[in-house]
Amino acid sequence: MKSARWLFVFCAALLLTVNTLGVERSAAAEDKVAFYANITAIEPIMEAFTAATGIKGEYTRISTAKFLSTVFTEFEAGKLMADVIQAPLPVLEMLKEKGVISDYVSPEAAVYPDWANKNGIQLFGIEYVGLIYNKELVKPEDVPKRYQDLADPKWKDRIVMANPASHATTICWLVGLKENVFASEAEWREFLAGVAANNPMFVASFGPTPAPIESGEKSIGISMPKYIVTKAPAPLDWARVEDQPLMGTPRAMGISTKAPHPEAAKKFMDYWLSKEAMSLLANKVGEYVLAPGVYPPIDGMDQAKVIPIRELSDQEIAQWGEEFKKIFAVQ
């Protein structure tokens with residue numbers, strides 16, 4: 001009888017110990033979150049998230065060109081380490097179709113525009129593009145007031161832009177001008193011909209566009225106004241085109257259906273969409289975000305009309321890339 005009682009006590013203690021270890025393992029499993037993204041310079045938000053929640057945010061940067069293949073290959077192999085995924089909207093939509101993105105909708109999304117919520121894919125910003133210039137080299141009266149002004153011969157050999165034959169976002173932006181700004185295709189093509197005649201310098205992407213402008217090698221560029229924040233105190237400003245919008249591709253995010261840390265992933269997404277995090281993204285990184293009342297600290301940006309443009313399919317990008325290669329005589 002004494003042995004039976006001892007055995008009962010031993011088993012109960014063992015069960016309690018196992019359960020306790022299980023709880024500790026479960027808690028430990030949610031002490032970090034893996035974030036795959038193509039957006040850059042987000043370290044301030046990752047650090048603020050960790051400080052606010054105690055959960056370590058691990059950021060892996062993946063270029064847009066390699067994003068879909070990288071994530072889907074890992075997912076198919078059962079080795080996807082990402083909890084939360086951020087990429088351009090078309091990439092997220094393709095991943096959603098393949099079952100990679102869950103249906104989670106953050107309560108923080110309630111204040112965002114209705115069009116920003118796509119059943120688990122959440123839009124939180126626009127990768128806005130415009131005309132930035134060196135304010136020490138360009139006289140106020142010469143700053144473009146319309147996109148059409150960039151075709152003026154006075155800008156010959158003074159423009160820098162991402163390669164219009166190969167840079168997908170620039171291709172989408174140029175087509176976006178046709179679909180959202182210019183009154184006719186003839187007017188748009190006249191603009192393209194004028195810019196091409198000005199012999200712009202081509203670089204691989206937006207990232208290298210501000211350097212030639214801030215150094216004075218070039219005066220103006222098709223680039224991202226956020227560099228006014230990230231390159232400060234460089235002498236950069238943006239052209240406030242009158243009655244024309246700034247345009248860009250939507251920035252989107254979602255939670256993986258096989259997130260290794262599902263609860264941490266929800267907390268991360270909730271934090272990322274909060275006004276606190278969006279304010280950091282605007283103030284520290286210069287991003288244009290969709291959280292109401294939050295704007296980057298760029299003079300006049302709170303008055304700008306910023307719109308999302310249509311994302312082109314791979315086939316359209318290839319087609320327009322070939323077209324722009326001829327128009328701009330890209331070697």
Side-chain angles (χ1 to χ4, degrees), residues 37-39 62-73 85-98 100-101 115-116 118-119 121-131 147-148 150-151 159-196 200 202-209 221-224 244-254 288 305-331:
N38 77 329
I39 191 172
I62 302 176
S63 68
T64 301
K66 297 179 180 178
F67 209 99
L68 187 63
S69 60
T70 299
V71 173
F72 191 61
T73 299
I85 299 170
Q86 180 275 316
L89 178 59
V91 173
L92 266 288
E93 288 178 330
M94 284 186 273
L95 292 174
K96 176 82 173 178
E97 289 177 2
K98 295 179 181 298
V100 180
I101 304 298
W115 55 264
K118 297 181 176 293
N119 298 321
I121 297 176
Q122 180 67 42
L123 309 185
F124 64 90
I126 295 175
E127 191 179 11
Y128 62 143
V129 179
L131 307 180
Y147 291 111
Q148 289 88 331
L150 196 62
I159 301 172
V160 60
M161 63 185 290
N163 190 327
S166 60
H167 185 241
T169 308
T170 294
I171 292 171
C172 291
W173 187 80
L174 290 172
V175 174
L177 285 177
K178 179 171 75 77
E179 298 180 348
N180 297 279
V181 173
F182 285 84
S184 67
E185 179 155 342
E187 184 185 351
W188 175 67
R189 287 189 177 275
E190 182 181 357
F191 162 77
L192 295 178
V195 175
F202 299 136
V203 291
S205 63
F206 288 133
T209 55
I222 298 173
S223 184
M224 302 181 71
Q244 293 179 328
L246 294 180
M247 306 181 303
T249 53
R251 293 196 186 278
M253 67 189 306
Y288 191 89
K305 181 180 181 182
V306 183
I307 64 171
I309 56 176
R310 184 174 68 88
E311 289 273 2
L312 305 182
S313 67
D314 290 347
Q315 183 179 359
E316 287 177 298
I317 288 174
Q319 176 190 335
W320 281 114
E322 285 300 313
E323 180 95 13
F324 295 149
K325 184 177 182 179
K326 297 174 184 174
I327 292 173
F328 287 90
V330 178
Q331 300 300 314

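Quick note: numbers below take in every heavy atom, side chains included, and nothing from hydrogens, waters or symmetry partners. As the structure is a computational prediction, the values presented were derived from the model and not from experiment. Index from 1, following the sequence.
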Worksheet item: When rounded to the nearest 0.5 angstrom, what distance separates CG in Leu192 from NZ in Lys326?
Response: 14.5 Å
Practice prompt. Any chance you could measure Arg251, atom CZ, to Ile126, atom CD1, to the nearest 0.5 Å?
Written response: 10.5 Å
Practice prompt. Compare every heavy atom of Tyr147 with every heavy atom of Pro245, then report the nearest pair and how far apart it is.
Written response: O-OH, 2.6 Å
Item to complete: Working to the nearest 0.5 Å, report the span between OG1 of Thr70 and CD1 of Ile85.
Response: 11.0 Å
Worksheet item: What residues form a side chain to side chain donor-acceptor pair (under 3.5 Å) with Asn38, not counting sequence neighbours?
Response: Thr64, Gln86
What side-chain donor-acceptor pairs closer than 3.5 Å can you find for residues 170-182, not counting sequence neighbours?
unit_1 : atom_1 : unit_2 : atom_2 : d
Thr170 : OG1    : His167 : ND1    : 2.7
Glu179 : OE1    : Arg310 : NE     : 3.3
Glu179 : OE2    : Arg310 : NE     : 3.4
Glu179 : OE2    : Arg310 : NH2    : 2.8
Asn180 : ND2    : Gly176 : O      : 2.9

Discussion item. Distance check, rounded to the nearest 0.5 Å: Glu311 atom CD versus Glu316 atom CD?
Written reply: 10.5 Å
Worksheet item: Of the non-hydrogen atoms in Ser69 and Thr73, which two are nearest, and what is the gap between them?
Response: O-OG1, 2.6 Å
Item to complete: Begin with the C-alpha distance, continue with both residues' side-chain angles, and end with the deciding distance and a verdict on side chain to side chain contact (heavy atoms under 4.5 Å, CB included) for Phe72 and Met94.
Response: CA-CA 10 Å; Phe72 191 61; Met94 284 186 273; over 6 Å; no
Discussion item. Does the plane of the ring in Tyr288 sit parallel, tilted or perpendicular to the ring in Tyr128? Use 30° and 60° as the thresholds.
Written reply: tilted
Worksheet item: Got a second to check how far Ile222's CD1 is from Leu131's CG, nearest 0.5 Å?
Response: 6.5 Å
Fill in: Asn163 side chain reached by Phe328 side chain, heavy atoms, under 4.5 Å
no
Worksheet item: Do Arg189 and Ile327 have side-chain heavy atoms sitting under 4.5 Å apart?
Response: yes
